[in-house]
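First comes the structure, then the notes that go with it.
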Amino acid sequence: MIPKTIHDRFTSAGIVAVLVIDDAADAVPLANALLKGGIAAIELTLRTEAALESLARIVSEVPDILAGVGTILTPEQIEQTVKAGAAFGVAPGLNRVIVEKAQDAGLPFAPGIMTPSELELALEMDCRTMKFFPAESSGGLSHLGSMAAPYLHREIDFIPLGGLNLENMADYLASPLVCAIGGSWIAKRDVIAAKDWGAIENAARKATDIFKTLKEKQS
Ligand code: 3PG
């Protein structure tokens, strides 16, 4: 469900900024601020009226950022997401109707899971890269390791989201189970609404520096 080309971009980006945008006019300056700070992937959530228009603007004007859509809760939203030009879609949960619709539409898609039963259902639908959500409140890395252990031979990996921050992101990124991490702390909704692009660029750079340091240690 997540092709190698997109998977490679998640791996090299390392961090996915989760965004809630209230005004589509903020979309392009926001994406540019993130990119300047080193963030190369976004999950633009379908939680506001401005979301799809924002995504379409980013896709056309900031093509260097890997732009996906999150909080996809209906089959219609899969169609809208594809139409807006998203590179991938994710959802907080695992919903067979949504996964099948994404497959039919050719949209690279990662469902959200946090239990072995959900993981098995995702595998049955040929999902190998999954969103691990909500990561921290469900037990964090320790829970992820225990949950995934019986399935490692199936070549799975995860994008943990929910409760991640500057303090815990390096631990997640160091796990072989993790292909990228994400969170909303880099560009909070109120900071976006205040158009504080400098603050967002700084927050992006702080997260990027942690990712880069880790990569240097591993190489
Ligand atoms: C998401 O939508 O992916 C999560 O809400 C992100 O979680 P966070 O707000 O705790 O970073």
Side-chain angles (χ1 to χ4, degrees), residues 1-2 6 9-10 13-22 27 30-31 33-34 37 39-52 54-55 58 65-74 77-78 80-81 84 86-95 98-99 102 107-115 118-119 122 127 129-141 143-144 157-173 175 177-194 199-200 202-204 206-208 210-211:
M1 282 296 294
I2 296 283
I6 301 290
R9 288 190 68 184
F10 278 133
I15 305 163
V16 182
V18 175
L19 308 175
V20 182
I21 301 181
D22 290 293
L30 168 61
L34 289 166
I39 297 288
I42 59 168
E43 174 198 319
L44 209 162
T45 60
L46 293 185
R47 298 177 203 168
T48 62
E49 290 292 317
L52 286 164
S54 299
L55 193 273
I58 291 170
I65 210 154
L66 181 70
V69 162
T71 326
I72 298 178
L73 304 180
T74 68
Q77 287 176 325
I78 294 279
Q80 294 163 344
T81 295
F88 67 91
V90 299
L94 174 74
N95 178 333
I98 304 289
V99 175
L107 178 71
F109 188 78
I113 67 114
M114 59 166 276
T115 68
E118 291 159 354
L119 203 164
C127 300
T129 296
M130 291 154 266
K131 171 168 170 165
F132 169 44
F133 179 82
E136 273 293 283
S137 61
S138 69
L141 265 179
H143 174 63
L144 179 63
D157 63 9
F158 301 89
I159 303 171
L161 289 128
L164 272 71
N165 53 44
L166 275 184
E167 281 68 48
N168 62 19
M169 61 171 279
D171 290 341
Y172 279 96
L173 278 168
S175 165
L177 290 171
V178 169
C179 83
I181 60 102
S184 62
W185 89 89
I186 300 158
K188 291 202 177 126
R189 185 174 186 168
D190 57 334
V191 185
I192 297 171
I200 289 171
N202 284 340
K206 278 188 191 155
T208 304
I210 292 174
F211 175 56

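Computed from a predicted structure; not experimentally measured. Ligands are counted one by one from 1 in listed order, and the atoms in each one are counted from 1 as well. Computation of the quantities below employed the complete heavy-atom set of this structure, encompassing side-chain atoms and omitting hydrogens, waters and symmetry-equivalent molecules.
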Less than 3.5 Å apart, N/O on ligand 1 and N/O on the protein: could you list those pairs with the distances?
unit_1: ligand 1; atom_1: 2 (O); unit_2: Arg47; atom_2: NH2; d: 2.4
unit_1: ligand 1; atom_1: 3 (O); unit_2: Lys131; atom_2: NZ; d: 2.7
unit_1: ligand 1; atom_1: 7 (O); unit_2: Gly162; atom_2: N; d: 3.4
unit_1: ligand 1; atom_1: 9 (O); unit_2: Ser184; atom_2: OG; d: 2.6
unit_1: ligand 1; atom_1: 10 (O); unit_2: Gly163; atom_2: N; d: 2.7
unit_1: ligand 1; atom_1: 11 (O); unit_2: Ser184; atom_2: N; d: 2.8
unit_1: ligand 1; atom_1: 11 (O); unit_2: Ser184; atom_2: OG; d: 3.3

Kindly indicate whether the side chain of Val16, heavy atoms from C-beta on, has any atom under 4.5 Å from the side chain of Val90.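 With C-beta onward as the side chain, the pair stays apart.
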
Partners meeting ring pair (Phe, Tyr, Trp, His ring centres under 6.0 Å) with Phe133 (sequence neighbours left out):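 So Phe133 forms no ring pair (Phe, Tyr, Trp, His ring centres under 6.0 Å) with any residue.
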
Say whether, by atom type as modelled, one donor and one acceptor occur between the side chain of Thr45 and the main chain of Leu19 under 3.5 angstrom.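 Present.
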
Give a yes or no on whether the backbone of Asn168 and the side-chain of Asn165 come within a donor-acceptor separation of less than 3.5 Å.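 Yes, because the side chain of Asn165 sits within donor-acceptor range (under 3.5 Å) of the backbone of Asn168.
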
Taking only distance into account, with no hydrogens and no angle test, what donor-acceptor pairs under 3.5 Å do side-chain atoms of residues 65-74 form with protein atoms, sequence neighbours excluded?
unit_1: Thr71; atom_1: OG1; unit_2: Arg47; atom_2: NE; d: 2.9
unit_1: Thr71; atom_1: OG1; unit_2: Arg47; atom_2: NH2; d: 3.2
unit_1: Thr74; atom_1: OG1; unit_2: Gln77; atom_2: N; d: 3.1

Salt bridge (charged side-chain N to carboxylate O under 4.0 Å, His left out) involving Asp22 - partner list, sequence neighbours excluded: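 Partners of Asp22 by the salt bridge (charged side-chain N to carboxylate O under 4.0 Å, His left out) criterion, ordered by chain and then number, come out as Arg189.
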
